[in-house]
S.K.: 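One structure coming up, written as structure tokens, with questions to follow.
Chain identifiers are assigned alphabetically (A, B, ...) following the order of the sequence lines, protein sequences preceding nucleic acid strands; residue numbering begins at 1 within each chain.
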Amino acid sequence: MPIINTATLSAASRLDLSTNQQVYCGLDSCITLEVFDKIHLDHPVDPAIYSFERALQGPYMEIMQRGIAVDKLARFKATGELHEQMDRARAILDEFAGAIWDRPLNPRSPKQLKEFFYDKLKIPEKWISIKGERKLSLNREVLEKLSDEYLFARPFVSLILTYREMAKQLELFETEIDRDGRFRASYNIAGTETGRPSSSENAFGTGGNAQNIAPGLRYIFCSDPGYRMCVIDLEQVEARDVGFFCGCLFGDWTFLDNCESGDLHTNNAKLIWPERPWTGNPKEDKEIAEQIFYREFSFRDMAKRGGHLSNYYGTAWTAARSLKVPSQIMEDFQARYIRGDASRGIVPAYPAIARWWQWTAEQLETVGHITTPFGRKRHFFGRPNDDTTLREAIAFLPQSTTADRMNLGLWKVWHAMPQIQLLAQTYDSITFQYPESLDENSIIEEALALLKVELVSPSGRKYSVPGEAKVGWNWGRQVTPADQERARAAGKRVPRLNPDGLIKWSRSKPDARSRLVGLARIA
DNA sequence: ATTCCCAGCGCG
DNA sequence: AAAGCGCGCTGGGAAT
């Protein structure tokens, strides 16, 4: 091996290209070592977290190298159809726009849209606020408002939104895949503040983010011939974590108890609206919860969607905007849910969540960092009394705990089950495939058990998050004709087109499970 | 021709 | 007064 002493190198050394690159590479490696020493001497990291991050290189390298098979025909068809529809939408839009200002209108150009709507059509400007900055936006929300308020804007808005939506979908279908027909994403294990992995285009420039693919488009990814695909997700994991923290910090287990006993959102609805005629029978109560509360939203919907936003210190104003209901509706909701309202005699269902916010604010003021149950510590460098900092800190704890739980489960599955092949990780779920010849029951059973990562509260309460498994031949909602073709070619039973695609695997009821497994086999 | 930033939007 | 957080990718358009 050649030894090159860089201390004695100069421009006059005239290294050949290959040697030069070796020097470059060697120096790069030295940087890594220097960083390592610096981190460990000056800023000791929890050795468990550090070792864990290193250990994750194994399974993630495997996921990255394996990639996921792409159903080429499905992809090709979708691409063609989208192009056709987009061309049509664009042609109509240009024709309409031509009548207004004698030139075309690019729906993806905010600049042109601003000129068109605000200068040419003279619609009053709509400003929005993002992270404290006022912006003149024409995003979906603003366009929908224009459409509501100005009849003549409707055809334009409709075409623009349709076009943008299709363009977004096309991004996935036109992502370059590898010559062997596989989509290989890169995963960054240590790239985020929370411990979540992130995903992006790989080092060779192909593939893309595997974690933001719309569920409706996932069907183009499929298991390899002779393999079945399985997705296991952790049920309502972040909500349960919030409940766990409330229990650990204040001994108030109300929220977690509700997560763990039957239908979380119905139980939340019962606590939030105690005056409804609940019967105590889970089935009847769910029906009552599914009655309409406001517009198309049931009480259960409100508990679910409004609850999630509210847990993370979202204001009633924001929640109202997101659910498209009047602010007063969400004010009332939040009063009953967490915040209470003494002036109206409203006692909140989950006051501990507000105490958790308070606790978080105190941590920021006193020590400036927060440590998760897994030992992951995050420093907050923003102003401790700034709402933005508080929100980051509030979101950190459940988000990071979920990330580590999922990754620990992923590692355990990878380590203990060489017969399965990991394909993807999407924050609260993992996707893998396994040979069809193996016993599906025991595979899923074992994976579910391994994914159960147990935490124990200071008071000794054990806590884990149940997983739910779905199985099928592709990653999507629909079994495609290609799947049928493949099953036929493989001499297997031909799957029928199923609106669910991946067939649901009930976790908690063994009898129902065996029944559904049978169904999955037939399908 | 390339690089950079922004707006917009997908996921959990 | 501002009004969940965490990511990555694309096209438009300006700057280099």
S.K.: Is the terminal nitrogen or CZ of A/Arg90 (NZ for Lys, CZ for Arg) located under 6.0 angstrom from the six-membered ring centre of A/Tyr163 and within 45° of that ring's axis?
M.R.: yes

S.K.: Just by distance, with hydrogens left out, do A/Glu174 and A/His83 show a side-chain donor and acceptor under 3.5 Å apart?
M.R.: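 Looking only at side-chain atoms, A/His83 and A/Glu174 do form a donor-acceptor pair, the distance falling under 3.5 Å.
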
S.K.: How about A/Tyr219 and A/Trp475: are their ring centres within less than 6.0 Å of each other?
M.R.: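 For A/Tyr219 and A/Trp475, the ring centres are not under 6.0 Å apart.
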
S.K.: Tell me whether the rings of A/Phe381 and A/His379 are parallel (<30°), tilted (30 to 60°) or perpendicular (>60°).
M.R.: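 The rings of A/Phe381 and A/His379 lie parallel, inter-plane angle below 30°.
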
S.K.: Look at the rings of A/Phe244 and A/Trp253 and say which category their plane angle falls in: under 30° parallel, 30 to 60° tilted, over 60° perpendicular.
M.R.: tilted

S.K.: Picking from C/dA14, B/dG12, C/dC9, which would you name as closest to the side chain of A/Arg218?
M.R.: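 Out of C/dA14, B/dG12, C/dC9, the nucleotide with an atom closest to A/Arg218's side chain is B/dG12.
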
S.K.: Taking for each residue the nucleotide of DNA chain C with the nearest heavy atom, is it A/Tyr313 or A/Ser200 whose nucleotide lies nearer the 5' end?
M.R.: A/Tyr313

S.K.: Please find the pair of heavy atoms, one from A/Val157 and one from A/Glu144, that lie closest to each other, and give the distance.
M.R.: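 Shortest heavy-atom contact: CG1-N, 4.5 Å.
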
S.K.: For residues A/Tyr350 and A/Asp252, is any side-chain donor paired with an opposing acceptor at under 3.5 Å?
M.R.: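 No pair is found: no donor N or O on one side chain lies under 3.5 Å from an acceptor on the other.
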
S.K.: Under 4.0 Å between a Lys/Arg side-chain N and an Asp/Glu carboxylate O for A/Lys145 and A/Glu149?
M.R.: no

S.K.: Any sub-3.5 Å donor-acceptor pair from A/Asn407's side-chain atoms to A/Asp404's backbone N or O?
M.R.: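 Side chain of A/Asn407 to backbone of A/Asp404, a donor-acceptor pair under 3.5 Å: no, none is there.
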
S.K.: Other residues, nucleotides and ligands only: do more than 12 of their heavy atoms fall within 6.0 Å of CZ on A/Arg383?
M.R.: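 Counting other residues, nucleotides and ligands, CZ of A/Arg383 stays at 12 neighbours or fewer.
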
S.K.: Would A/Trp356 and A/Phe250 count as a close aromatic pair, with their ring centres under 6.0 Å?
M.R.: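 Centroid separation for A/Trp356 and A/Phe250: 6.0 Å or greater.
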
S.K.: For C/dG12, does either OP1 or OP2 sit under 4.0 Å from a side-chain N or O belonging to A/Asn106?
M.R.: yes

S.K.: I want to check a possible cation-pi pair here: A/Arg196 against A/Tyr427, using under 6.0 Å from ring centre and within 45° of the ring axis as the test.
M.R.: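 Relative to the ring axis of A/Tyr427, which defines the angle, A/Arg196 lies inside both limits.
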
S.K.: May I ask you to evaluate whether A/Thr194 reaches the phosphate of C/dC5, defined as a side-chain N or O under 4.0 Å from OP1 or OP2?
M.R.: no

S.K.: Could you check how far CD of A/Glu141 sits from P of B/dG8, rounded to whole Å?
M.R.: 11 Å

S.K.: If we count only N and O atoms by modelled type, under 3.5 Å, do the side chains of A/Ser109 and A/Asn106 hold a donor and an acceptor together?
M.R.: no

S.K.: Expressed as a whole number of angstroms, how long is the span from A/Trp127:CH2 to C/dA2:P?
M.R.: 14 Å

S.K.: Using a cut-off of strictly less than 4.0 Å between a heavy atom of the residue and any atom of DNA chain B, enumerate the qualifying residues of residues 377-406 of chain A by number.
M.R.: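 A/Gln399 - these, ordered by number, are the residues of the stretch whose heavy atoms sit under 4.0 Å from the strand.
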
S.K.: Relative to each other, are the rings of A/Tyr313 and A/Trp357 parallel, tilted or perpendicular (30° and 60° limits)?
M.R.: perpendicular

S.K.: Assign A/Ser199 to base, sugar-phosphate, or nothing according to its heavy-atom contacts below 4.0 angstrom with the strands shown.
M.R.: sugar-phosphate

S.K.: Taking CG from A/Asn212 and C1' from C/dC9, how many angstroms apart are they, rounded to a whole number?
M.R.: 7 Å

S.K.: Does the plane of the ring in A/Trp273 sit parallel, tilted or perpendicular to the ring in A/Phe293? Use 30° and 60° as the thresholds.
M.R.: tilted

S.K.: Could you pull out all residues at least two apart from A/Glu331 that satisfy side-chain hydrogen bond (donor to acceptor under 3.5 Å, both in side chains)?
M.R.: none

S.K.: Are A/Gln399 and A/Glu238 close enough that a side-chain donor and a side-chain acceptor fall under 3.5 Å?
M.R.: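 Note: A/Gln399 and A/Glu238 side chains miss the donor-acceptor criterion.
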
S.K.: Does any donor-acceptor pair link the side chain of A/Arg196 with the base of C/dG6 at a separation under 3.5 Å?
M.R.: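 Yes, the side chain and the base share a sub-3.5 Å donor-acceptor pair.
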
S.K.: A/Glu201 CD to C/dG8 P: how many Å, rounded?
M.R.: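 Nearest whole value for this atom pair: 12 Å.
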
S.K.: When you measure from the side-chain N and O atoms of A/Thr426 to the phosphate of B/dC11, is any distance below 4.0 Å, counting only OP1 and OP2?
M.R.: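 No, because none of the side-chain N or O atoms of A/Thr426 sits under 4.0 Å from OP1 or OP2 of B/dC11.
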
S.K.: With stacking defined as ring centroids separated by under 5.5 Å and planes differing by under 30°, is A/Trp317 stacked against C/dA3?
M.R.: yes

S.K.: Take atom CG of A/Leu105 and atom C1' of C/dG12, then tell me their distance rounded to the nearest Å.
M.R.: 13 Å

S.K.: Tell me: CG of A/Leu309 to P of C/dG6, nearest whole Å?
M.R.: 15 Å

S.K.: Check this for me, if you would: do A/Arg300 and A/Asp263 make a salt bridge, where the nitrogen-to-carboxylate-oxygen distance has to be below 4.0 angstrom?
M.R.: yes

S.K.: Atom CD1 of A/Ile213 and atom P of C/dC9: how far apart are they, to the nearest Å?
M.R.: 11 Å

S.K.: Within residues 163-185 of chain A, find the residues that approach DNA chain B with a heavy atom at under 4.0 Å, and present them sorted by residue number.
M.R.: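 Close to the strand are A/Arg164, A/Lys168.
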
S.K.: Tabulate protein N/O versus nucleotide N/O from nucleotides 5-7 of chain B, keeping only pairs under 3.5 Å, one per line.
M.R.:
unit_1 : atom_1 : unit_2   : atom_2 : d
B/dA7  : OP2    : A/Lys135 : NZ     : 2.8

S.K.: Please pick, from B/dC9, C/dG12, C/dA3, the nucleotide with the shortest atom-to-atom distance to any side-chain atom of A/Ser109.
M.R.: C/dG12

S.K.: Would you indicate which nucleotide in C/dG6, B/dG10, C/dA14 comes nearest to any side-chain atom of A/Tyr427?
M.R.: C/dG6

S.K.: Does any residue of residues 53-64 of chain A have a heavy atom under 4.0 Å from DNA chain C, and if so, which ones, in number order?
M.R.: none

S.K.: Pairs counted only when both distances fall under 3.5 Å, Watson-Crick or G-U: show me the 5' to 3' dot-bracket for DNA chain C, [ ] for pseudoknotted crossings and | for other-strand partners.
M.R.: ....||||||||||||

S.K.: How many Å lie between OH on A/Tyr187 and P on B/dC11, as a whole number?
M.R.: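 Those two atoms, OH and P, are 15 Å apart.
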
S.K.: I'd like the P distance from C/dA1 over to B/dC9, given in whole Å.
M.R.: 29 Å

